[in-house]
Protein chains: 2
Amino acid sequence: MIILTQRDQSVLEAVITDYIETGEPVGSRTISKRSALNVSPATIRNVMADLEELGLLHQPHTSAGRIPTPKGLRIYIDSIMQSKQLERQERDLIREELRRKPRDVKDLLQRTSRFLSQYCRQAGVVLWPKLTVTRFKHIEFIRSGQQQVMVILISRSGLIHQTNIDWTEEISQRELDKYSSYVNELLQDLPLSSVKERIREEMRSEKALFDKLAARALEMARQAIHDSSFEDSEIYIEGQSNLLDNPEFADVARMRRLLHTFEDKSRIIRLLDVTLKASAGIQIILGTEDEFQGLQEMSLISSPYGRGDRPLGVLGVIGPMRMDYSRIIPVVEFTARFISQILELADEN
Amino acid sequence: MIILTQRDQSVLEAVITDYIETGEPVGSRTISKRSALNVSPATIRNVMADLEELGLLHQPHTSAGRIPTPKGLRIYIDSIMQSKQLERQERDLIREELRRKPRDVKDLLQRTSRFLSQYCRQAGVVLWPKLTVTRFKHIEFIRSGQQQVMVILISRSGLIHQTNIDWTEEISQRELDKYSSYVNELLQDLPLSSVKERIREEMRSEKALFDKLAARALEMARQAIHDSSFEDSEIYIEGQSNLLDNPEFADVARMRRLLHTFEDKSRIIRLLDVTLKASAGIQIILGTEDEFQGLQEMSLISSPYGRGDRPLGVLGVIGPMRMDYSRIIPVVEFTARFISQILELADEN
DNA sequence: TTCTAGCACTCTATTGGGTTGAGTGCTACC
DNA sequence: GGTAGCACTCAACCCAATAGAGTGCTAGAA
């Protein structure tokens, strides 16, 4: 455990805020002038040397200023920084922006991602709710070929899942309608995570053993839900071009790596899954702490949305490590809370 | 109309193929050695000077080689270049790649876009079918709140459209089911473009005037289809990072402009709409010919897919003007034909 | 003991001159 | 009409010199 004196903290904070602002290594003179502690540059230099020894600052080369290390940022974020409170009018603006005609979930989440990116001038990211965390609302079997059935599954929060299944025998739409209403009845309002189990249970029950219709309907539902894509996650990443505005991405090679990472979304999904599972409010991952490669030198501020005990997905902001944390953190926090409200509302109906 | 001698054409072709390969301005010496016509560099220089006067070649500065202008590329593509035929095994590979478990339309198109990007090492783009060009298959009204109804509309090709509508009075699911089957009956197999008309017609008919259920069902369907997003287009752009591998994007500023363009998809949609409306097979747009800004110095090779007289959408490849047209054009052409087959098949069932 | 002033030192970034080499345009000649 | 030769142009590269920001260290003040 690292213990810092009051002055150490002040210097660390001064270096970080200045670095966040300018992106350049910060020298002792600058801090001496800017910071509230009235000490000379030489004194600052001593403190900085100490902080460097602790691994909180780093010097690109001997005759340059200091920049914070991820470790230094972590301490700053966790115990020094004070998040700015959002102004009332800022909150109103966010509400306004997101509430506008909440047509369907997809639209809402996409807009959220876009909003986060624009408002924070970084990339915004939203992880879709997995179907399994929502509740069953409706299933529909539709004939789509002689031996093909299209299955539409809808959750209470308005998510849609579509899949096609092959059926071994010719089947009429009328028959399918009967299946639909039987299954709808059976699964009404169940959490989708326990639907599989419920179906299996029912298949073993007396009814299914003797009622041919029920047996077939159940078999069809089973196949539909067995579909591999059922548990897939999806994410929206918007505003990648904002990142290019940061001088740290003047380097093409770095930019290329980043774009590659964004295109192979599975990595980011895994990363967000961590936040989802932890589900303990806002989470900040700093580049080098990321055991999954690809986001080096980047930073991810994320928060789960949904009810605390039953998070639906994750939303957040991806940017360079040099971000205005004190502003972005409350924005992400508030957005998550607000989206949660909207979705809970839908899911309760 | 520009008329070129055989030799002019050969020189133009040689410059372009070399430029496509290397990305560097091409000098007279190189051409003299590479091309089949056995003439000296000096002669080539004379020809090149002529071609430059015609606006087909351009010299970045006095002591550099020549690069083709868009005008020069156009002539090359339209009348000089010979598209390579795809090898049998290449076609098999494409088929293989795309046919794998064609689960739903979205998945298919997204995979197509990704495939195009990987195979051509550029960005791949696919414009979704608009709902209005497909045929009606199924509509479903689902109660999603006391006075809220979720409407799911499905086309024969498997597209799904979801919307929410407010209803002025409390309504039960049982009632909604009746609406669904009535409307399904009515609209079965109609082209979605004429559905609006059909509904209006029916509303004026005797039946609707006296049958309250029918009247309400029709009103509900009308509202659902009236929804503004009904005619929206959507596109997938994949493989943007491939573009970064091209040395012409070493320039960050240019890259930034390009990413911005990709994020504001409406421009590209408009651009693709041109191909869709023209619907005359493969279409090539070269950067500066693009009256919509944003794709300067880029080039778009696109082709509509779907039946010739009833195109569904557009797919293609976006890359720098320096692309291997003779290879990519047949790939886009073949992919479009193949996707058309798959989708037609689905739409016919 | 803690802080500060001063100074020599280090290292990057920038500037400008010199050189290289690819490629051209022109002219004289085949 | 085609070619060889030659002087010329221009970007790219290398190199050395310089400027400037910032440090570490030491000696002395509080």
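Keep in mind that the numbers below use all heavy atoms, side chains included, and drop hydrogens, waters and symmetry copies. Naming: A, B, ... by sequence-line order, numbering from 1 per chain.
- Per the geometry, CG belonging to B:L37 stands 13 Å off C1' belonging to D:dG2, to the nearest Å.
- For the residue pair A:T275 / A:S302, a side-chain donor-acceptor distance below 3.5 Å is found, with atom types taken as modelled.
- Minimum heavy-atom separation, B:I328 to B:M323: CD1-SD, 3.8 Å.
- Between B:N242 and B:S117 the shortest heavy-atom distance is ND2-O, 3.0 Å.
- With sequence neighbours excluded, the residues that form a side chain to side chain contact (heavy atoms under 4.5 Å, CB included) with A:Q118 are A:R114.
- Protein atom CD1 of B:I44 is 15 Å distant from nucleotide atom C1' of D:dA4, rounded to whole Å.
- Listed in residue order, the members of residues 10-22 of chain B having a heavy atom less than 4.0 Å from DNA chain D come to none.
- Partners of A:E263 under the salt bridge (charged side-chain N to carboxylate O under 4.0 Å, His left out) rule, at least two apart in sequence or in another chain, do not exist in this structure.
- Rounded to whole Å, atom C1' of C:dT4 lies 17 Å from atom CD1 of A:I31.
- The side chain to side chain donor-acceptor pair (under 3.5 Å) analysis of residues 1-13 of chain B, with sequence neighbours excluded, yields the pairs B:T5-B:D8.
- A cation-pi arrangement is absent between A:R267 and A:F262, since the terminal nitrogen or guanidinium carbon is not both under 6.0 Å from the aromatic centre and inside a 45° cone about the axis.
- Rounded to a whole Å, the NZ atom of B:K33 is 16 Å from the P atom of D:dT3.
- With rounding to whole Å, A:N38 atom CG is found 17 Å from D:dA30 atom P.
- Under the ring-ring contact (aromatic ring centres under 6.0 Å, His included) criterion, A:Y325 pairs with no residue, sequence neighbours left out.
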**OP:** Could you run through nucleotides 11-28 of chain C and give me one letter per nucleotide, 5' to 3': B if any protein heavy atom sits under 4.0 Å from the base, S if only the sugar-phosphate is that close, - if neither?
**Re:** BS---------BSBB---

